[in-house]
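Taking it in order: structure first as structure tokens, then the write-up.
The chain is numbered in sequence order, starting from 1. What you see is a predicted model, and the numbers here were worked out from it, not measured in a lab.
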Amino acid sequence: MRITFTLAASFALALPMLEAGDFNGDGFEDLAVGAPTETIGGLEDAGAVHVIPGSASGPNPAAALRIDATTVGAVAADSDRFANSLAWGDFNGDGFDDLAIGCRRAKVGALTFAGRVYIVPGGVAGFDFSQVRAFDQNTKGIKDKVESDGFPGQSGEGFGARLASGDFDGNGFDDLAIQVDSERIGKVKGAGAVHVLYGSGVGLRAKRNQFWHQNSKGIQEKCEEYEWFGTGLATGDLNGDGRDELVVSCPGEQTSHLGRGRVAVLFGSKKGLRAKGNRLLMPDSEAIPLTENSGWNTPKLACGDFDGDGFIDIAIGMTNVSATVGGLAHGAVFIARGSATGPTSGLMDSFAQGVGGVPGLGSDFDAFGATLAVGDFDGDARHDLAIAATGEAIPDDACGRVTVLYGSIAGLGVTGVDVFDQGTAGIDGVPEQFDQFGITLAGADTDGDGAAELVVGVPFENLGGAIDAGAFHVMFGSAIAGLTTAGTLLVEQDTPGIIGAPGDDHMFAGSIAQ
């Protein structure tokens, strides 16, 4: 997962450099915002991604660009959901970030819902659409093949369901992890798998492609039905060796009776990701222990250096964990700290609403931790963590709320916590049932001032008569003070410069590149 921030010069050696999404190299980070169910040319759910450049005053919608399947030389189709996932990285090492676009329902050969990923190179003049590359499971050199799920003409594997970039071999070229959420391994349905493509001077290549799943040699546990290995992906240098690790959520993984959901870690090496030393983490803490009512969890992931010690930490959101006995889906976030030997295991730091000074009450179905994003919002060269509780009732069900915990030398804490929802002064709109404010999140220093902005997606926002048209808010970061609602920006599809018009079920901001 690409994390967006700018280093303070005095901390440049203390905090690992994580590249930002600057597609044109102008020094301002850009936003790539997906509308995976946008209607394109009369085709419903065809999907598109809107790129909003950064500037000295922040995101500049007037200069926005829309990319859809036709832009990258493909054929748009009903239900493709182009841009259901997004990521960025400098895959060819030219100093400009490139955009990776997932299209998990793309037709490959005769089979629908197989999935494809498009790579659009960045450059000084913007994106170079003449050099777009596409990968799917029938691309020569890619391990595995597109397979039928038993329904006529359908694959259903979902190559490109989720994406994350990182430099796993430390050679200076970013690499890309691509999840195949419904991949069948042998006879095991819904096992899930992750492909890794490695960067080079010519960009990503099928050569050296790795194909990871729980039956891969040396990986802990075994494939079982509907574990969906890779449903969450994140990257970061957890052990400080200059190579990124790949962090993978396994929502169907179970240990005894204590609920479901574990997190696997694959370590980087000079030759890329390896099975040796891989970890399987079970989020647990003294304050918020995993209990029998923890239910099914899909661990949500983000990586950042919250204590500034030079080792990246893992934030794990577990929405079905409850802080009180008998509670239902309060949600909690666990922190596995990085170290010279990798992430900590066993008892972890933990945060939940109403526990240990975190604002809120911890009500049933709040789903605190449903979405996570990292950024240096106060410019102190330590990462901060934004946490969405998408089920928060304000007062109606699932209005949504975002809590921001700030990093310190001791790690994340509850001093100076910020809480935002659509009822917060300075944020446009009002809390409405099922808006799920914060269901997508990202951090990006769009104005180049050294403090990241927080981008909060509300893809289920209604706009005029359009149901679930979608929108996103941008709250600006500032040195020392952190995030502020002063000058908050609201972007919708009727914002001048944004191509297209609001429509039912467009879900603008349904994905945001990190």
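When all heavy atoms of Asp30 and Gly54 are compared, the closest pair comes out as OD1-N, 2.9 Å. When all heavy atoms of His50 and Arg66 are compared, the pair lying nearest together is CE1-CD, 3.5 Å. Across all their heavy atoms, Arg133 and Gly203 have their closest contact at NH1-C, 4.2 Å. The nearest pair of heavy atoms linking Gly379 to Ala451 is N-CB, 4.0 Å. Shown here for Phe434 and Phe460, the closest heavy-atom pair between the two residues is O-CB, 3.5 Å. A pairwise comparison of heavy atoms in Ile312 and Leu238 identifies O-CD2, 3.3 Å as the closest pair.
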Asp305 vs Arg382, salt bridge (charged side-chain N to carboxylate O under 4.0 Å, His left out): CA-CA, chis, key distance, verdict: CA-CA 6 Å; Asp305 188 357; Arg382 298 184 182 93; over 6 Å; no
Dump the intermediate steps for side chain to side chain donor-acceptor pair (under 3.5 Å) on Gln493 and His506, then the final yes or no. CA-CA 9 Å; Gln493 278 200 284; His506 275 195; 2.9 Å; yes
Given the rule in the side chain to side chain donor-acceptor pair (under 3.5 Å) test, do His195 and Gln137 qualify, once you have shown the distances and angles that lead to the verdict? CA-CA 9 Å; His195 286 272; Gln137 288 196 111; 2.8 Å; yes
Evaluate Leu233 against Val247 for side chain to side chain contact (heavy atoms under 4.5 Å, CB included), listing each step before the verdict. CA-CA 6 Å; Leu233 297 174; Val247 187; over 6 Å; no
When you look at Asp445 and Asp447, which way does the side chain to side chain contact (heavy atoms under 4.5 Å, CB included) test go after all the steps? CA-CA 6 Å; Asp445 185 8; Asp447 58 8; 2.9 Å; yes
Run the ring-ring contact (aromatic ring centres under 6.0 Å, His included) check on Phe368 and His330 step by step: do they pass? CA-CA 6 Å; Phe368 183 79; His330 293 179; over 10 Å; no
Determine whether Glu432 and Asp396 satisfy the following criterion, side chain to side chain contact (heavy atoms under 4.5 Å, CB included), listing intermediate values before the conclusion. CA-CA 7 Å; Glu432 296 174 308; Asp396 289 328; over 6 Å; no
Between Phe135 and Leu197, is a side chain to side chain contact (heavy atoms under 4.5 Å, CB included) present by the stated rule, with each step listed? CA-CA 10 Å; Phe135 297 91; Leu197 303 182; 3.7 Å; yes
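The closest side-chain donor-acceptor pair between Glu392 and Gln436, if any, does not fall under 3.5 angstrom.
Side-chain N or O atoms of Asp376 include none that pairs as donor or acceptor with a backbone N or O of Ala452 at under 3.5 Å. Side chain of Ser478 to backbone of Gly482: a donor-acceptor contact under 3.5 angstrom is found. Put simply, the side chain of Asp418 never gets that close to the backbone of Leu405: no donor and acceptor are under 3.5 Å apart. Put simply, the side chain of Asp468 never gets that close to the backbone of Met507: no donor and acceptor are under 3.5 Å apart. The backbone N or O of Gly172 sits less than 3.5 Å from a side-chain atom of Asp167, completing a donor-acceptor pair.
A salt bridge does not link Arg104 to Glu157: none of the charged side-chain nitrogens sits closer than 4.0 Å to a carboxylate oxygen. By the 4.0 Å N-to-carboxylate-O rule, Arg105 lies too far from Asp80 to be salt-bridged with it.
Note that CG of Asp428 is 8.0 Å distant from CD of Glu492, once rounded to the nearest 0.5 Å. Rounded to the nearest 0.5 Å, atoms CD (Gln154) and CZ (Phe113) are 5.5 Å apart. Here the CG atom belonging to Leu441 is positioned 10.0 Å from the CD1 atom belonging to Ile387, to the nearest 0.5 angstrom. Note that the OG1 atom of Thr440 and the CD1 atom of Ile512 stand 3.5 Å from one another [nearest 0.5 Å]. Taken from CG in Asp68 to OG1 in Thr39, the straight-line distance is 12.0 Å, to the nearest 0.5 Å. Taking CD from Glu38 and CG from Leu43, the interatomic distance works out to 11.5 Å, rounded to the nearest 0.5 Å.
For the side-chain contact (heavy atoms from CB on, under 4.5 Å) with Phe334, the qualifying choice from Val263, Ile314, Val321 is Val321, the only one to do so. Phe23 pairs in a ring pair (Phe, Tyr, Trp, His ring centres under 6.0 Å) with only one of the listed residues (Trp88, Phe96, Phe28), which is Trp88.
Atom CD of Glu44 has 12 or fewer neighbouring heavy atoms from other residues, nucleotides or ligands inside a 6.0 Å radius.
Under the 30°/60° scheme for interplanar angles, the aromatic rings of Tyr118 and Phe82 are found to be tilted. Between Phe377 and Tyr406, the angle of the ring planes goes over 60°, which puts this pair in the perpendicular group of the 30/60° scheme.
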